Amino acid sequence: MPGFRLADIAVRFGLELRGDGDTMIDGVATLQAGRTGAISFLANRQYRKFLKDTRVSAVVLADHDAGESPVPVLIAADPYLAYARIAALFAIPDSAEPVIHASVVVDASAHLGEGCTVGPNTVIGAGVSIGAGTRIGAGCVIEDGCSLGEQGRIAPNVTICHGTVIGDRCRILPGAVIGSRGFGLAPSSQGWVEVPQLGRVIIGDDCEIGANTTIDRGAVDDTVLENDVKLDNLIQVAHNVRIGAHTVIAGCTGIAGSADIGEGCLIGGAVAVLGHLTVPAGTRINAFSLVSRSLPTTGNYASGIPVQEAEAWNKNVARLRQLADFVTEMRAEHPKKESDD
Amino acid sequence: MPGFRLADIAVRFGLELRGDGDTMIDGVATLQAGRTGAISFLANRQYRKFLKDTRVSAVVLADHDAGESPVPVLIAADPYLAYARIAALFAIPDSAEPVIHASVVVDASAHLGEGCTVGPNTVIGAGVSIGAGTRIGAGCVIEDGCSLGEQGRIAPNVTICHGTVIGDRCRILPGAVIGSRGFGLAPSSQGWVEVPQLGRVIIGDDCEIGANTTIDRGAVDDTVLENDVKLDNLIQVAHNVRIGAHTVIAGCTGIAGSADIGEGCLIGGAVAVLGHLTVPAGTRINAFSLVSRSLPTTGNYASGIPVQEAEAWNKNVARLRQLADFVTEMRAEHPKKESDD
Amino acid sequence: MPGFRLADIAVRFGLELRGDGDTMIDGVATLQAGRTGAISFLANRQYRKFLKDTRVSAVVLADHDAGESPVPVLIAADPYLAYARIAALFAIPDSAEPVIHASVVVDASAHLGEGCTVGPNTVIGAGVSIGAGTRIGAGCVIEDGCSLGEQGRIAPNVTICHGTVIGDRCRILPGAVIGSRGFGLAPSSQGWVEVPQLGRVIIGDDCEIGANTTIDRGAVDDTVLENDVKLDNLIQVAHNVRIGAHTVIAGCTGIAGSADIGEGCLIGGAVAVLGHLTVPAGTRINAFSLVSRSLPTTGNYASGIPVQEAEAWNKNVARLRQLADFVTEMRAEHPKKESDD
């Protein structure tokens, strides 16, 4: 691991140093785990209790927490953001030499920009264009006519189907499937007839697509992710969905066809968003919620129910299933009873 | 793109033409996006407002909507179905020449029918049989003893485990896993003991299996999908499930072990169906619902709750968790209060 | 299929035989499907009705059910566990010869133990260590610095990212992704900034990871699965989650970052567990539930609502969304009405 003087880190990221600038930092650790040589951060009050006994060598934190630190600190207006930038010093660097592995199958008509790396057994189809500096892992399949931007990171075993367009600096995690057939079916007297899916997937710059996440191509028009959209693992994005810039979606969420999600939304995990509806920019949806209609205004929405002890819950469910009748009954005039007198 | 005379399209699909039959059609577009040369369709009333200003060159629609079209039309009893068939004219055709890529690893005992295509790095095990005209993408693994029917389409990076049987004209999307071990565990004093999963997966004709969907092999008997079953992406089908013909299931749904789903069901996305239960033929289950017991009769079932503003929702949840007690309290005789007089 | 004398099976697994020990057993079947030569088991009372007419040749069951069997029986204190062990006799054996396929790409610095098998097109990175007897399927990618224990079974198309540590006798099913980037993002005025994910995934002995399940690497510390953890398909385990020994989780469940799940928990399918919370050892969580806070004590928790007919359900939902107001209204003193007299 490389080591850095704390004072040099402070200068590099424009942070105020308090304490010994000669402290050497060679990695990161949590406050509670700690270890000599590591830098940590304090951004979530829940973890403040670990500060005073921490065994790390330095901490990134806000000015108002600095007094309690037993070790040198870097003061940041946003400690988590400052930590994110510092931690990048300790990430495993990309291999120095860009290499197209000998086993790669590349169509003669594909174009790979300068400094691309392609891992073993990856298959690149006809007319594909890959921007400079993009690194593609092993076992990927990039079908005909795809266009990938510069400085991308495509992990192993990713499938990108024909005609997909991906912007610069995107990160696609292992097993993701982008641009496969949308789920379009027309009923007929002989069974289901496939509706050809003739649109594409268009992904902007700086997007992240999680492991085993799936994004379907459009049926007629395209499925679109704008810039800086961040999708966690195991998310389903159906045909003709549009997701606005900077929107973040947590794992296991599904977005049905033609849903239109605005910019800057935060959508929790295990949410279901139905099709042909609109979610306004800046909307926040809590985990395990169902969005079944267009939301009228920006806000924080929810419909998840936290667990309770199963026996009590089952009784409540039994009543819930009769709730409408109960309300009607209660709202009807209470007939006067003999015993009331 | 090939171009087609509108009059020729009308004859080919048995539709009534109204307007200029010499109109050239070279692709599809939505009514709202439009473009010269494209054909569109009107099947969902929600989109009717886009008809009168559309810039497409022709529209497939029902007789009663024809009067409002500013462009030539094709009249169809079922415009969506007619569109599905017309749109197939503009799908990217399969490559002309069937090819077994040089990098494919095929066991000597496997049999590939006439006109099969197999993409780079795909691995085909001992005793596998692939029907005529089936096309298999790159990076697939088809284990020993599998049987695939004719005219199938297996996308890249699909895994089909040993002994799986798949019928004719099936479509398997990227990353799908068919026939892996069912989740069978027996508790013992030394921890969990694996229950061998000795059944297979049997899939009928004309089925579609979505991207990254998983279908487990049976524990003792087989897991079975009948003909024309259509599964969207990221669906889990556990061991010994049976799904009846023509049933359609939307993304992110999970079906637990030994559930028996009848024919012609429509199951929404993000539904959980528990094990050892029966869903009658023709049942419709709305998205984000829980099926925890056998359903007594065909019908339309639901248990999802749409979002509301989180602050209001949290108050409702607090009351829901006490609902049984509240109902009991309310149903008890209201004691007469002094202030009532 | 090999055949075994029923008497020999009884001796081998320490079970009491009642009936003809010369009965030959060559496989398994359910009681209801049955067939000559098969052995079945009776562990779930729901299936007892099939015993008296079964066509299998022998049944493993508890002493109190033995009297009703029309065929020879093996008496077991735990018939399902005994069956699990017997059924292993009929599983497809591993290929006799361990083979590293010629197409495998192994870094020169990787170490494979004795008796390892590696399928075609698998890629093994620098510094990887694979324990003796571990079998790795085709199309896998095992990145730099991973350590896998002995006697493991890695199915095809699995991705194991750099630095992952996996114990002995683990089973990883197709398409699983272990150790990919956690979903760490810090907001900035220029959009989302990636928080480097510098921890690893550490998996103990005897674990099972389901098909297309994803387990993210830790952000700072590691993501940890202790011994004998069993995960079904399509599960998401986020960064820095800890799952205690012997815990079993069913399909489609998601566990958010830094959740701490105790030992011996049983978590149903399609459950959402939010982050930074604790689930005590021995907790049982029913399917389709939301765990949004630390659970105070071991118990059986739930929040799923079973379906009812959609029309009735929709009326109940409308009332639920006003429940807090309704309770407040009802609890307010009922003003005495004229008609009460």
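As the structure is a computational prediction, the values presented were derived from the model and not from experiment. Proteins come first, then strands; the chains are lettered A, B, ... in the order of their sequence lines, and each starts at number 1. What's counted below: heavy atoms across the whole structure, side chains too, no hydrogens, waters or symmetry copies.
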Quick check on [X] against chain B: is it the side chain, the backbone, both or neither that has a heavy atom closer than 4.5 Å?
{"X": "A/His276", "result": "both"}
{"X": "A/Thr213", "result": "backbone"}
{"X": "A/Val158", "result": "backbone"}
{"X": "A/Leu185", "result": "both"}
{"X": "A/Trp192", "result": "both"}
{"X": "A/Gln197", "result": "neither"}

Which pair of heavy atoms, one from [X] and one from [Y], lies closest together, and at what distance?
{"X": "B/Ala87", "Y": "A/Leu198", "value": "O-CD1, 3.7 Å"}
{"X": "A/Gly304", "Y": "B/Val317", "value": "O-CG2, 4.0 Å"}
{"X": "B/Leu323", "Y": "A/Leu323", "value": "CD1-CD1, 4.1 Å"}
{"X": "A/Pro196", "Y": "B/Ala84", "value": "CD-O, 3.2 Å"}

Exercise for the section: Test A/Ile305 against B/Ile305 for side-chain contact (heavy atoms from CB on, under 4.5 Å), laying out the working first. Expected result: CA-CA 10 Å; A/Ile305 301 168; B/Ile305 301 169; 3.8 Å; yes

Residue, of [options], that accumulates the most heavy atom pairs under 4.5 Å with chain A:
{"options": "B/Val28, B/Leu320, B/Asn286", "answer": "B/Leu320"}
{"options": "B/Ala38, B/Pro156, B/Gly210", "answer": "B/Pro156"}
{"options": "B/Gln46, B/Arg171, B/Glu311", "answer": "B/Arg171"}
{"options": "B/Val248, B/Asp78, B/Asn227, B/Asn314", "answer": "B/Val248"}

Problem - For chain B, the option from A/Lys315, A/Arg293, A/Gln308, A/Gln322 that forms the most heavy-atom pairs under 4.5 Å - result: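 Option with the greatest count: A/Gln308.
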
Exercise for the section: Flag the one option from A/Asn316, A/Val220, A/Ile285 with the top tally of heavy-atom pairs under 4.5 Å to chain B. Expected result: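 Between A/Asn316, A/Val220, A/Ile285, the count favours A/Asn316.
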
Handout entry: Sorted by number, residues from residues 266-275 of chain A in contact with chain B (heavy atoms, under 4.5 Å)
Key =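 Against chain B, the residues of residues 266-275 of chain A that fall inside the cut-off (heavy atoms, under 4.5 Å) are A/Ala270, A/Ala272, A/Leu274.
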
Exercise for the section: Residue by residue, scan residues 233-241 of chain A and write down, ordered by number, those that have a heavy-atom distance under 4.5 Å to chain B; if none do, write 'none'. Expected result: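 From residues 233-241 of chain A, the residues near chain B are A/Leu234, A/Ile235, A/Gln236.
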
Between [atom1] on residue [X] and [atom2] on residue [Y], distance to nearest 0.5 Å:
{"X": "B/Asn44", "Y": "A/Ser258", "atom1": "CG", "atom2": "OG", "answer": "9.5 Å"}
{"X": "B/Glu309", "Y": "A/Ser303", "atom1": "CD", "atom2": "OG", "answer": "13.0 Å"}
{"X": "B/Glu208", "Y": "A/Glu194", "atom1": "CD", "atom2": "CD", "answer": "5.5 Å"}
{"X": "B/Phe288", "Y": "A/Phe288", "atom1": "CZ", "atom2": "CZ", "answer": "4.5 Å"}

Handout entry: Contact class of B/Leu173 relative to chain A, heavy atoms under 4.5 angstrom
Key =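 Contact with chain A involves the side chain of B/Leu173 alone.
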
Handout entry: chain A contact via B/Asp232 - which portion, at a heavy-atom distance below 4.5 Å
Key =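 Answer is both: backbone and side chain atoms of B/Asp232 are under 4.5 Å from chain A.
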
Practice task
List for me each residue that meets salt bridge (charged side-chain N to carboxylate O under 4.0 Å, His left out) alongside A/Arg217, sequence neighbours excluded, and say none if there are none.
Solution key: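 A/Arg217 satisfies salt bridge (charged side-chain N to carboxylate O under 4.0 Å, His left out) with no other residue.
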
Problem - Non-neighbouring partners of A/Asp222 that pass salt bridge (charged side-chain N to carboxylate O under 4.0 Å, His left out), sequence neighbours left out - result: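 With sequence neighbours excluded, A/Asp222 shows a salt bridge (charged side-chain N to carboxylate O under 4.0 Å, His left out) to A/Arg200, given in chain and number order.
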
Exercise for the section: Please lay out, stage by stage, how A/Arg319 and B/Phe326 fare under the test side-chain contact (heavy atoms from CB on, under 4.5 Å). Expected result: CA-CA 10 Å; A/Arg319 293 312 189 178; B/Phe326 174 71; over 6 Å; no

Quick one: are [X] and [Y] in side-chain contact, heavy atoms under 4.5 Å?
{"X": "B/Pro306", "Y": "A/Val291", "value": "no"}
{"X": "B/Arg85", "Y": "A/Ser188", "value": "yes"}
{"X": "B/Leu231", "Y": "A/Phe183", "value": "no"}
{"X": "B/Asn121", "Y": "A/Val141", "value": "no"}

Exercise for the section: Answer yes if the side chains of A/Thr214 and B/Asn212 hold a donor-acceptor pair under 3.5 Å, and no otherwise. Expected result: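 No, no side-chain donor-acceptor contact under 3.5 Å.
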
Exercise for the section: Check whether more than 12 heavy atoms from other residues, nucleotides or ligands sit under 6.0 Å from atom CZ of B/Arg169, and answer yes or no. Expected result: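 Yes, because the 6.0 Å sphere around CZ of B/Arg169 holds more than 12 heavy atoms from other groups.
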
Exercise for the section: Verify the neighbour count for atom CZ of B/Arg284: are there more than 12 heavy atoms of other residues, nucleotides or ligands below 6.0 Å? Expected result: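 No.
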
Handout entry: Short side-chain to backbone donor-acceptor contact, B/Arg321 and A/Val307, under 3.5 Å
Key =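 Yes, the answer is positive, given that a donor and an acceptor are paired below the 3.5 Å cut-off.
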
Practice task
Output, in order, the C-alpha distance, side-chain angles, deciding distance and verdict of side-chain contact (heavy atoms from CB on, under 4.5 Å) for A/Asn300 and B/Trp313.
Solution key: CA-CA 10 Å; A/Asn300 183 12; B/Trp313 174 246; over 6 Å; no

